[in-house]
There are 2 protein chains.
Amino acid sequence: MPESPEQSSLDSYNPKEFDTPIYSVDIAIFTLHEGQLKVLMVERNEYPYKDYWALPGGFVDLKKDSNINATARRKLVSKTGVDAPLLEQVSTIGNAHRDPRHWSITTLYMALIPYAPTAEFIEAVNEARWFPIEEIEQLQLAFDHSELLQLARERLKNKTAYTVLPIHVLKRPFSLSQLQKAFELLMDTELEKKSFRRRLLNADVLKEVGEGIPDGGKGRPAALYEPADGSENHLFVRVFGD
Amino acid sequence: MPESPEQSSLDSYNPKEFDTPIYSVDIAIFTLHEGQLKVLMVERNEYPYKDYWALPGGFVDLKKDSNINATARRKLVSKTGVDAPLLEQVSTIGNAHRDPRHWSITTLYMALIPYAPTAEFIEAVNEARWFPIEEIEQLQLAFDHSELLQLARERLKNKTAYTVLPIHVLKRPFSLSQLQKAFELLMDTELEKKSFRRRLLNADVLKEVGEGIPDGGKGRPAALYEPADGSENHLFVRVFGD
DNA sequence: GCAATAGTGTCTGTTAGACAATATGCG
DNA sequence: CGCATATTGTCTAACAGACACTATTGC
């Protein structure tokens with residue numbers, strides 16, 4: 001950290017208050033599109049890691065942000081153009097080497113969002129792009145963002161097994177088949193149709209809002225659902241897909 | 001990035017305007033003693049909140065700590081005299097008002113530790129003290145530490161329902177009855193004896209290491225156990241005590 | 001009718017809850 | 001023996017996995 005600007009004037013300040021690490025937030029924003037789980041990445045245009053892909057993120061704005069969740073939300077909105085139905089903390093990682101310039105700390109968030117409302121905005125600002133998750137896992141990302149992404153991906157998988165998290169990546173209303181597909185992509189495993197339907201329908205987390213043929217356009221029309229009030233917090237007593 | 005910390009003017013340093021928040025860690029250290037769940041608190045001897053009880057915690061030492069977990073562990077050891085068998089992150093809280101002096105962020109950890117090895121050390125350094133959890137919930141704590149403690153308490157309760165977390169508050173070896181008591185205190189609920197034994201014995205998380213009468217001293221001798229290798233990570237597919 | 005998708009019936013296996021019953025130690 | 005604690009037996013209920021089956025649409 002010799003190049004850190006704080007270092008030069010350290011002597012004149014109380015080290016206990018002043019010698020503090022750099023703090024930022026990073027967000028893994030997930031969606032579903034073309035039958036794939038995708039994550040939003042931004043291309044860095046500054047050193048270090050210039051031209052590398054990175055998770056969206058940034059520093060706390062002490063004037064604008066009343067808390068760190070607000071920081072995450074502000075960054076999310078600035079990249080996607082809209083708010084996300086799910087934004088939550090995953091973990092905080094801090095060490096001496098993750099940023100070559102500083103001892104630095106980041107709080108990692110994950111967000112889930114339906115693809116549609118973001119598509120146009122993201123096309124317009126060319127620094128951001130949706131990547132299929134398998135594709136991004138091949139690339140070398142900026143800083144420790146490969147590890148951060150891995151952490152978020154794990155959390156996503158785990159929580160999907162005992163919550164209704166995947167409702168947040170779907171446009172409303174949705175059919176049970178679409179919802180099952182969302183569960184399967186987020187968990188990265190196949191689920192048994194009958195078990196899936198029984199579990200969701202018995203849990204009182206969905207309300208039926210009609211019937212129709214979802215976008216694909218073939219076969220028998222499906223019942224369409226929206227999340228019931230408070231369903232976001234539903235916890236199943238047993239994990240699913242084991 | 002416009003929000004890069006390098007832009008700040010160090011010459012006119014003012015904690016409230018400096019553009020990076022203050023960062024610290026706080027730890028809720030739990031143990032079991034006298035049939036109660038207890039938490040370690042320290043008395044502040046500086047303003048603000050002088051003479052208030054607070055969670056142990058402190059700032060990252062950029063020289064000593066290679067990462068924030070190391071910061072937490074260092075603080076833990078300095079208060080208890082020993083390392084803890086379980087130390088994990090709960091959540092990170094940051095906002096403009098939790099510390100009256102600064103926009104500040106803390107990463108909250110929780111730790112579990114058997115009572116015995118800590119007792120002597122804590123008696124010797126009079127700034128720290130074990131409080132029964134019910135007692136501390138009545139007191140007004142420093143900063144937002146009541147809320148932090150509440151968060152850690154909730155996490156403890158929730159994780160006990162699908163892991164073997166409570167093995168970390170017991171001295172080894174322990175009997176199943178002692179372990180059940182630990183589960184009950186951490187979850188704050190009574191458990192059914194047969195269900196408890198079946199669950200633990202079928203999960204392959206304990207190894208029998210003998211037989212004896214634990215400290216109480218009455219009744220039939222019990223089989224004694226220690227955690228099996230890797231048992232700390234065991235996840236039950238179903239939550240317990242519902 | 002056929003293809004494609006939605007939805008159901010039913011059997012099995014696992015595991016928690018309830019609670020009665022039995023076992024082993026000490027005095 | 002009687003008390004205290006440990007350990008087991010057994011029935012029931014909830015719910016996931018498996019998989020075959022029926023239902024409804026468009027062509």
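First the proteins, then the strands, lettered A, B, ... as listed; each starts at 1. Excluded from the calculations below are hydrogen atoms, water molecules and symmetry mates; all remaining heavy atoms, backbone and side chain alike, are included.
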Nearest heavy atom decides the nucleotide; on that basis, is Gly219(A) or Leu201(A) closer to the 5' end of DNA chain C? Gly219(A)
Is there a side-chain contact between Arg199(B) and the phosphate of dA16(C), meaning an N or O under 4.0 Å from OP1 or OP2? yes
Atom pair distance, as rounded to whole Å: CG in Asn202(A) and P in dA13(D): 17 Å
Integer-rounded Å distance: dT15(C) P and Tyr162(B) OH: 19 Å
For the pair made of CG in Leu179(B) and P in dA6(D), what is the distance, rounded to whole Å? 12 Å
Pair Lys79(B) + Glu127(B), salt bridge at N-O below 4.0 Å: yes
Of the options dA16(C), dG9(D), dT24(D), whose atoms approach the side-chain atoms of Arg238(B) most closely? dA16(C)
Decide whether Thr80(B) and Thr118(B) meet the rule of one side-chain donor and one side-chain acceptor closer than 3.5 Å. no
Using a cut-off of less than 4.0 Å, is there contact between a side-chain N or O of Ser177(B) and OP1 or OP2 of dT5(D)? no
Length of the CD1-P vector between Ile213(B) and dA23(C), whole Å: 19 Å
Could you check whether Glu134(A) and Gln138(A), counting side-chain N and O atoms only, form a donor-acceptor pair closer than 3.5 Å? no
Between dA4(D) and Arg220(B), is there an OP1 or OP2 to side-chain N/O distance shorter than 4.0 Å? no
Is there a donor on the side chain of Arg198(A) or the base of dG9(C) sitting less than 3.5 Å from an acceptor on the other? no
Nearest listed nucleotide, side chain of Lys194(B), among dC19(C), dA18(D), dT24(D): dC19(C)
What is the distance from CZ of Arg197(A) to C1' of dA6(C), rounded to the nearest Å? 6 Å
Quiz question: by atom type and distance under 3.5 Å, do the side chains of Thr106(B) and Asp26(B) form a donor-acceptor pair? yes
Without decimals, in angstroms, what is the distance between Glu211(B) CD and dA23(C) C1'? 11 Å
Considering all heavy atoms of both residues, which atom of Arg73(B) and which atom of Ala84(B) are nearest to each other, and what is their separation? NH1-O, 3.7 Å
For Asp242(A) and for Leu176(B), find the nucleotide of DNA chain D with the closest heavy atom, then tell me which residue's nucleotide is more 5'. Leu176(B)
Nearest-Å distance for atom pair CG/C1', residues Leu224(B) and dA6(D): 12 Å
Rounded distance (Å) that lies between atom P of dA6(D) and atom NZ of Lys193(B): 8 Å
Nearest to side-chain heavy atoms of Phe240(B), which nucleotide of dT5(C), dG17(C), dG25(C): dG17(C)
